[in-house]
Asker: 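What follows is a single structure, and I will ask about it in a moment.
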Amino acid sequence: MEEVRSTTAWVATHSSHVTVDFSGIEKVAETMKNSIPKVEWDFEGIHYFDNGPLTVQYLLVLDTLNFCFWPDEEMSYDHLASGLKVTLESDKFAFDADRLQKYTGPQLRKMLNWPRPLPLEDERLRLLHEVGFELEKSFDGKASKLVESCDKSAAKLVALIARHFPDDIVLTTSSDGLKQEIIALLNSEFAMTDLGFRDHTVYKGHQIFLYKRAQIFAADLWGAFKGQGYGDFEDISSITIFADYIVPAVLLQLGVLRYSSSLANIIKKNTEIVSGSEEEVELRACSVYAVEKMKELISKKVGKQVLSVELDLWLWAFGIQCPSLQHHRTLSIYY
Ligand SMILES: Nc1nc2c(c(CN[C@H]3C=C[C@H](O)[C@@H]3O)cn2[C@@H]2O[C@H](COP(=O)(O)O)[C@@H](O)[C@H]2O)c(=O)[nH]1
């Protein structure tokens with residue numbers, strides 16, 4: 001998580017299109033001085049929860065598919081969370097690792113009760129298959145085993161997810177040594193491949209880490225299990241916010257972020273922003289950095305530690321209840 005914090009801070013100090021406004025942060029922090037708003041995890045009542053390992057499996061599947069709903073104007077995160085919940089309630093083996101590896105487009109649409117192809121449907125299927133494959137190979141098919149192996153550390157969980165999903169690739173070299181080296185490189189945090197949960201990118205020659213879906217999985221466990229059992233993470237404070245397309249738009253409204261006029265225009269016109277472009281990386285990284293600063297300031301003012309996870313849910317819940325909020329549009333598997 002330290003890499004997310006330090007590399008997003010680097011973007012914020014070298015940014016060309018997005019500015020973090022410290023007076024905006026100060027104003028928000030001031031309003032929270034007396035009462036820090038608290039939003040309950042699953043305030044919408046749309047998630048599956050049975051207090052056991054099946055919930056962990058559900059949350060991993062959920063966060064595998066938790067990205068880019070906007071290309072279908074009628075679709076939102078709610079459809080995903082509730083569709084997967086209904087699926088699991090009617091068939092508790094639906095997310096078994098072998099089944100995850102075989103789902104087809106029409107089957108996934110049926111799960112979500114969606115009448116047409118999903119946005120980035122092929123990518124969603126590929127990622128689902130990848131998760132099923134790796135769960136079977138390394139964790140007896142169980143997401144709960146993955147979580148159990150993290151010694152109550154959210155940072156370890158995020159690192160493990162980034163390392164494992166995806167894990168192997170099929171290599172045809174005859175040299176085992178070379179094969180191992182290539183796999184190690186591909187799986188290392190320095191890998192530049194656009195894969196699975198490895199949400200990082202290169203900005204002005206520097207590698208930037210965001211890990212949105214991996215972090216939100218840890219946060220969802222913490223929120224769903226109320227910090228107990230599978231959600232017991234001693235270092236939950238190490239998690240940053242989850243850089244998606246809602247939070248930057250909320251931070252703009254709050255006066256915490258400012259956009260260049262060209263970027264503001266692009267967003268106003270709903271013009272797509274290319275994944276990995278300077279604008280896109282700045283929107284995401286400056287959001288992470290700004291909320292880290294906001295968290296530090298609020299914690300100082302109230303004299304107790306505030307968590308980024310809590311601020312994230314507050315900002316996000318505010319954003320989705322605001323239908324007129326315009327967000328940036330990037331086709332991405334990361335958020
Ligand atoms: N930063 C942040 N981003 C979040 C979430 C969540 C849901 N978290 C759940 C956990 C417990 C709560 O009760 C929430 O239900 C989804 N997203 C992102 O939003 C976008 C979807 O937008 P729209 O197309 O309008 O539905 C998409 O990028 C999605 O990945 C969050 O918490 N924080």
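The basis for the numbers below is simple: all heavy atoms, side chains too, and nothing from hydrogens, waters or symmetry mates. Counting starts at 1 for both ligands and their atoms, following the listed order.
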Asker: Check for a donor-acceptor pair, side chain of Q57 on one end and backbone N or O of F95 on the other, with a separation under 3.5 Å.
Answerer: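 Here the side-chain-to-backbone pair exists.
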
Asker: Got the closest protein heavy atom to atom 33 (N) of ligand 1, with its distance?
Answerer: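 Sorting protein heavy atoms by distance from atom 33 (N) of ligand 1 puts D312 OD1, 2.7 Å first.
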
Asker: At a 4.0 Å cut-off, with the gap strictly under it, does some heavy atom of L315 reach an atom of ligand 1?
Answerer: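 Heavy atoms of L315 never come under 4.0 Å of ligand 1.
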
Asker: Keeping Y334 on the side-chain end and R198 on the backbone end, is there a donor-acceptor pair under 3.5 Å?
Answerer: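 Yes, Y334 side chain to R198 backbone: donor-acceptor pair under 3.5 Å.
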
Asker: Within the 4.0 Å heavy-atom shell around I246, which atoms of ligand 1 are there?
Answerer: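 The atoms of ligand 1 under 4.0 Å from a heavy atom of I246 are 19 (O), 20 (C), 22 (O), 25 (O).
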
Asker: Of the backbone atoms (N, CA, C, O) and the side-chain heavy atoms from C-beta on, which set of L313 has a member under 4.0 Å from an atom of ligand 1: side chain, backbone, both, or neither?
Answerer: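 L313 to ligand 1: side-chain contact only, backbone stays beyond 4.0 Å.
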
Asker: Please identify which atoms of ligand 1 are closer than 4.0 Å to at least one heavy atom of F43.
Answerer: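 With F43 as reference, the close atoms of ligand 1 come out as 13 (O).
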
Asker: What protein heavy atom lies closest to atom 21 (C) of ligand 1? Include the residue and the distance to one decimal.
Answerer: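 So the nearest neighbour among protein heavy atoms is Y245 OH, 3.4 Å.
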
Asker: Under 4.0 Å, counting heavy atoms only: does H47 come that close to any atom of ligand 1?
Answerer: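 Under 4.0 Å: yes for H47.
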
Asker: Applying the side-chain hydrogen bond (donor to acceptor under 3.5 Å, both in side chains) criterion to T240, which one of R5, E292, Q215, K212 satisfies it?
Answerer: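 Exactly one candidate clears the test, Q215.
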
Asker: Could you tell me the residue and atom name of the protein heavy atom closest to atom 11 (C) of ligand 1, and the distance to it rounded to 0.1 Å?
Answerer: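 For atom 11 (C) of ligand 1, the nearest protein heavy atom is W41 NE1, 2.9 Å.
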
Asker: Can you tell me if K33 uses its side chain to pair, donor with acceptor, with the backbone of V302 under 3.5 Å?
Answerer: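 Such a contact is absent between K33 side chain and V302 backbone.
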
Asker: Which of the numbered atoms in ligand 1 are under 4.0 angstrom from any heavy atom belonging to Y335?
Answerer: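 That gives atoms 28 (O) of ligand 1.
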
Asker: As an exercise, identify every atom of ligand 1 less than 4.0 angstrom from a heavy atom of V247.
Answerer: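 Result: 1 (N).
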
Asker: Counting only nitrogen or oxygen atoms and a 3.5 angstrom limit, does E40 reach ligand 1?
Answerer: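 No, there is no polar N/O contact under 3.5 Å.
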
Asker: Applying a 4.0 Å heavy-atom criterion (strictly less than), which segment of F242 is in contact with ligand 1: side chain, backbone, both, or neither?
Answerer: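 Both backbone and side chain.
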
Asker: Just heavy atoms, cut-off under 4.0 Å: does D78 contact ligand 1 by side chain, backbone, both, or neither?
Answerer: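 None of D78 does.
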
Asker: Are the charged groups of K301 and E296 less than 4.0 angstrom apart, N to O?
Answerer: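 Salt bridge flag = no for E296 with K301.
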
Asker: I'd like to know if the side chain of Y58 reaches the main chain of A81, judged simply by a donor and an acceptor atom lying under 3.5 Å from each other, with no hydrogens or angles considered.
Answerer: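 Here the side-chain-to-backbone pair exists.
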
Asker: When you measure from atom 15 (O) of ligand 1 to every protein heavy atom, which one gives the shortest distance, and what is it?
Answerer: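 Going atom by atom, the protein heavy atom closest to atom 15 (O) of ligand 1 ends up being E44 OE2, 2.4 Å.
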
Asker: Using salt bridge (charged side-chain N to carboxylate O under 4.0 Å, His left out), reason through R109 and E121 one step at a time and then give a plain yes or no.
Answerer: CA-CA 9 Å; R109 281 174 230 164; E121 185 174 277; 2.8 Å; yes

Asker: Using a strict cut-off of 4.0 Å, indicate which atoms of ligand 1 neighbour a heavy atom of S76.
Answerer: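 Those of ligand 1 that fall under 4.0 Å from S76 are 26 (O).
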
Asker: Would you say T330's side chain and V274's backbone share a donor-acceptor pair under 3.5 angstrom?
Answerer: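 No; judged by distance alone, with no hydrogens or angles, the pair does not exist.
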
Asker: Atom 26 (O) of ligand 1: which protein heavy atom is closest, and how many Å away?
Answerer: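 Looking at atom 26 (O) of ligand 1, the protein heavy atom closest to it is Y77 N, 2.8 Å.
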
Asker: Is the shortest distance from a heavy atom of K212 to ligand 1 less than 4.0 Å?
Answerer: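 Yes.
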
Asker: In this structure, are over 12 heavy atoms from other groups packed under 6.0 Å from N113 atom CG?
Answerer: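 Not buried by this count: 12 neighbours or fewer within 6.0 Å.
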
Asker: Considering only protein heavy atoms, which is closest to atom 18 (C) of ligand 1, and at what distance to one decimal place?
Answerer: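 Atom 18 (C) of ligand 1 sits closest to the protein heavy atom D244 OD2, 3.3 Å.
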
Asker: Is there a donor-acceptor pair under 3.5 Å between the side chain of D232 and the backbone N or O of K152?
Answerer: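 No: the side chain of D232 does not pair with the backbone of K152.
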
Asker: For ligand 1, which atoms have a heavy atom of D220 less than 4.0 angstrom away?
Answerer: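 Counting from 1, the qualifying ligand atoms are 10 (C).
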
Asker: What residue and heavy atom of the protein are closest to atom 19 (O) of ligand 1, and at what distance?
Answerer: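 Residue, atom and distance for the closest contact: W316 NE1, 2.8 Å.
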
Asker: Quick check: does any side chain N or O of S287 sit under 3.5 Å from a backbone N or O of V247, one acting as donor and the other as acceptor?
Answerer: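 Side chain of S287 to backbone of V247: no pair is present.
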
Asker: So which protein heavy atom does atom 29 (C) of ligand 1 come closest to, and at what separation?
Answerer: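 Scanning the protein heavy atoms, the shortest distance from atom 29 (C) of ligand 1 goes to N66 OD1, 3.1 Å.
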
